[in-house]
Peer 1: 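Take this structure, written in structure tokens, and hold onto it; I'll ask about it next.
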Amino acid sequence: MSDCLFCKIARGEIPCRKVYEDGEVVAFHDINPAAPVHFMLVPKLHLASLAEAEDDHVSLLGRMLVLAPKLAREQGLENGFRTVINTGKGGGQEVFHLHIHIIGGGNIPPMVRRG
Ligand code: 5GP
Ligand code: ZN
């Protein structure tokens, strides 16, 4: 996807504060962090959202979930962290390239406010 923001970041065409990179994924700090530590884990493969995931993507997505806590620990989140995947307009997604937010440090409020 030539004009997808996260494809451009993954290709190194737009700068980012990189946390991690390998052949399949890249992780970088969110430009507008919601907490003291807030980075995104992104597959290099363009997938618009989790709603586009197919059986072919099972091992890639599994790798990302196993990698997330390792990267979180490296970023100082030994006590835990929140993972968020916004999916589609109804899920509040703004950048239509699948990404896992990894958020932590400071005070993490309840995920959903009730009442
Ligand atoms: P979404 O709402 O799609 O789940 O999250 C998109 C995230 O991308 C937002 O948290 C936003 O701050 C972040 N973001 C948007 N543009 C850029 C950018 O150019 N660089 C970085 N590092 N993050 C971005
Ligand atoms: Zn993309």
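In listed order, ligands and their atoms are each counted from 1. Below, each value reflects all heavy atoms present in this structure, side chains not excepted, and no hydrogens, waters or symmetry copies. Predicted model only: the values in this text are computed from it and were never measured.
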Peer 1: Could you report the tightest heavy-atom contact between A68 and I102, atom names first, then the distance?
Peer 2: CB-CD1, 3.8 Å

Peer 1: Are the side chains of H57 and L47 in touch, meaning some heavy atoms are under 4.5 Å apart?
Peer 2: yes

Peer 1: Quick one: which ligand 1 atoms are inside 4.0 Å of a heavy atom on N32?
Peer 2: 12 (O)

Peer 1: Of D30, V42, I9, which has the heavy atom at the shortest distance from atom 10 (O) of ligand 1?
Peer 2: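 The option holding the nearest heavy atom is D30.
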
Peer 1: In terms of atom number and element, which parts of ligand 1 are under 4.0 angstrom from non-hydrogen atoms of F6?
Peer 2: 8 (O)

Peer 1: Rounded to the nearest 0.5 Å, what's the gap from CE on M40 to CD1 on I100? Could you check?
Peer 2: 11.5 Å

Peer 1: Locate the shortest heavy-atom distance separating A27 from F39; write the atom from each residue and the value.
Peer 2: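 Here A27 and F39 meet closest at CB-CD1, 4.2 Å.
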
Peer 1: Among all protein heavy atoms, pick out the one at the shortest distance from atom 1 (P) of ligand 1; state its residue, atom name and that distance to 0.1 Å.
Peer 2: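 For this ligand atom, the closest protein heavy atom is H99 NE2, 3.2 Å.
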
Peer 1: Relative to the heavy atoms of H101, which atoms of ligand 1 are at a distance of less than 4.0 Å?
Peer 2: 1 (P), 4 (O), 5 (O), 7 (C), 10 (O)

Peer 1: Check the angle between the aromatic planes of H38 and H101 and answer parallel, tilted or perpendicular using the 30° and 60° thresholds.
Peer 2: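 Ring orientation, 0 to 90° scale: tilted.
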
Peer 1: May I ask you to decide whether D30 forms a salt bridge with R17, counting only side-chain N to carboxylate O separations under 4.0 Å?
Peer 2: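 Between R17 and D30 there is no salt bridge, as every charged N stays at least 4.0 Å from the carboxylate O atoms.
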
Peer 1: With atoms numbered from 1 as shown, which atoms in ligand 1 lie under 4.0 angstrom from a non-hydrogen atom of G92?
Peer 2: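 So the atoms of ligand 1 that pass are 2 (O).
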
Peer 1: About how large, to 10 degrees, is the angle ND1 of H46, then the Zn ion (ligand 2), then SG of C7?
Peer 2: 110°

Peer 1: Ring centres under 6.0 Å, that's the criterion: do F28 and F6 meet it?
Peer 2: yes

Peer 1: For V95, is at least one N or O under 3.5 Å away from an N or O on ligand 1?
Peer 2: yes

Peer 1: Can you give me the closest heavy-atom contact between G105 and A35, atom names plus distance?
Peer 2: O-CB, 4.2 Å

Peer 1: With heavy-atom distances below 4.0 Å as the criterion, list the atoms of ligand 1 near N86.
Peer 2: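 Those qualifying, in numeric order: 1 (P), 2 (O), 4 (O).
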
Peer 1: To the nearest 10 degrees, how large is the angle at the Zn ion (ligand 2) between H97 ND1 and C4 SG?
Peer 2: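 Nearest ten degrees: 110°.
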
Peer 1: Measure the distance from atom 16 (N) of ligand 1 to every protein heavy atom, then report the residue, atom name and distance (to 0.1 Å) of the closest one.
Peer 2: L5 CD2, 3.3 Å

Peer 1: Return the closest protein heavy atom for atom 23 (N) of ligand 1 as residue, atom name and distance.
Peer 2: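 It is I31 N, 3.3 Å.
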
Peer 1: What is the closest protein heavy atom to atom 22 (N) of ligand 1, and at what distance does it sit?
Peer 2: H29 O, 2.9 Å

Peer 1: I103 and L77: which non-hydrogen atoms are nearest, and at how many Å?
Peer 2: C-CD1, 4.3 Å

Peer 1: If you count the atoms of ligand 1 from 1 in the order shown, which ones are under 4.0 Å from a heavy atom of F28?
Peer 2: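 Selected atoms, number and element: 22 (N).
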
